[in-house]
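In what follows, a structure is listed as structure tokens, so that the remarks can point back to it.
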Amino acid sequence: MGCAAAVQWLLSALVQPSALPRLALICAIACLLASCAVAPQGVVSSPAARRISNVRTTAYCANEGGSGTRNATGEYLSGRKVHSASADWSRYPLGTRFRVVGSNEEYLVDDYGGALIGTNTIDLHKSNRAEVRKWGTRHVDIDVLQWGSHEQSLKVLRPRKNSRIVRRMIASLEAKKS
């Protein structure tokens with residue numbers, strides 16, 4: 001019996017008082033309709049992450065490079081659920097979230113560093129120097145979960161335009177806008 005015929009039979013039974021109790025019948029109809037449902041083609045429940053292969057990564061901690069314990073936005077560097085990451089914001093804008101493939105490590109680009117400007121390198125925040133040394137330099141695949149904002153990057157960078165490295169990022173971000 002097809003889905004339409006089964007639904008018709010159940011509906012006809014619904015009007016007969018001597019049939020199954022109405023509540024059980026309604027539940028049966030709901031289950032039948034749910035089992036007959038066909039998902040539309042091409043619908044994805046969540047957007048797929050964009051995979052970027054062979055990204056050069058390094059590591060840093062709060063005790064290195066004069067960055068202290070705060071990122072470029074003034075927040076504390078994170079080593080918890082979502083870790084901080086530093087990058088050239090014209091390549092990976094402020095707010096870009098990504099996961100290192102093959103691990104559960106998720107990162108948020110919330111910092112930048114002079115040695116990263118003009119490179120495709122991402123610097124991953126680690127909690128101490130031992131972890132930094134253990135990471136070293138690695139080429140990894142990343143899944144970008146959410147791209148950051150060029151506008152937010154510019155908003156943070158423009159007041160710092162006296163720095164040569166910041167001017168390079170600003171110029172590159174503004175070139176992308178036009």
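Values in this document were obtained by computation on a predicted structure and should not be read as measured data.
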Locate the shortest heavy-atom distance separating Asp141 from Asn54; write the atom from each residue and the value.
OD1-N, 2.9 Å

Between Ser84 and Asn71, a side-chain donor and acceptor under 3.5 Å:
no

Any chance you could measure Arg56, atom CZ, to Thr58, atom OG1, to the nearest 0.5 Å?
6.0 Å

Find out if a path of hydrophobic residues (ILVMFWY) with successive side-chain heavy-atom gaps under 4.5 Å connects Leu124 to Val101.
no

Checking the side chain of Ser172 only, and the main-chain atoms of Arg168 only, is there a donor and an acceptor separated by less than 3.5 Å?
no

With a 4.5 Å cut-off on side-chain heavy atoms, are Tyr60 and Asp111 touching?
yes

Under 3.5 Å: donor-acceptor pair, side chain of Ser86, backbone of Asp123
no

In one Ile/Leu/Val/Met/Phe/Trp/Tyr side-chain cluster, 4.5 Å: Leu116, Val156:
no

Determine whether Glu151 and Ser149 satisfy the following criterion, side chain to side chain donor-acceptor pair (under 3.5 Å), listing intermediate values before the conclusion.
CA-CA 5 Å; Glu151 292 77 25; Ser149 164; 3.3 Å; yes

For the hydrophobic clusters of this structure (ILVMFWY residues joined by side-chain heavy atoms under 4.5 Å, transitively), does one cluster hold both Met169 and Trp147?
yes

Kindly say whether Lys161 contributes a backbone atom to a donor-acceptor pair with the side chain of Arg167 at under 3.5 angstrom?
yes

Closest non-hydrogen atom pair, Lys126 against Ala59:
CG-CB, 3.8 Å

Path from Val100 to Leu145 over hydrophobic side-chain contacts below 4.5 Å:
no

Side-chain heavy atoms of Leu173 within contact of Ser90, under 4.5 Å
yes

Evaluate the side-chain proximity of Arg160 to Tyr112: yes if any heavy-atom separation is below 4.5 Å, no if none is.
yes

Considering all heavy atoms, the nearest Cys61-Ser127 contact
CB-C, 4.3 Å

What I want to find out is whether Arg99 reaches Glu105 closely enough, with some N-O distance under 4.0 Å, to be called a salt bridge.
no

Validation row: Leu108, Thr96 side chains within 4.5 angstrom (heavy atoms):
no

What donor-acceptor contacts under 3.5 angstrom involve side-chain atoms of residues 132-140, with partners at least two apart or in another chain?
{"residue": "Trp135", "atom": "NE1", "partner": "Thr57", "partner atom": "OG1", "Å": "3.0"}
{"residue": "Arg138", "atom": "NE", "partner": "Trp135", "partner atom": "O", "Å": "3.1"}
{"residue": "Arg138", "atom": "NH2", "partner": "Lys134", "partner atom": "O", "Å": "3.3"}

Return the orientation label for the Phe98 and Tyr107 ring planes: parallel under 30°, perpendicular over 60°, tilted otherwise.
parallel

How long is the gap from CG on Asp110 to CZ on Arg97, to the nearest 0.5 Å?
10.5 Å

Close side-chain approach of Glu106 and Lys81, heavy atoms under 4.5 Å:
no

Is there a side chain to side chain donor-acceptor pair (under 3.5 Å) between Asn120 and Tyr92? Walk through the geometry before answering.
CA-CA 9 Å; Asn120 196 34; Tyr92 301 100; 2.9 Å; yes

Would you indicate whether the side-chain heavy atoms of Ile170 and Glu174 approach each other to under 4.5 Å?
yes

Determine whether Ser53 and Arg51 make a side-chain contact, defined as any pair of heavy atoms from C-beta on separated by less than 4.5 Å.
yes

Taking every non-hydrogen atom, the tightest pair across Ile122 and Ala87
CG1-CB, 4.3 Å

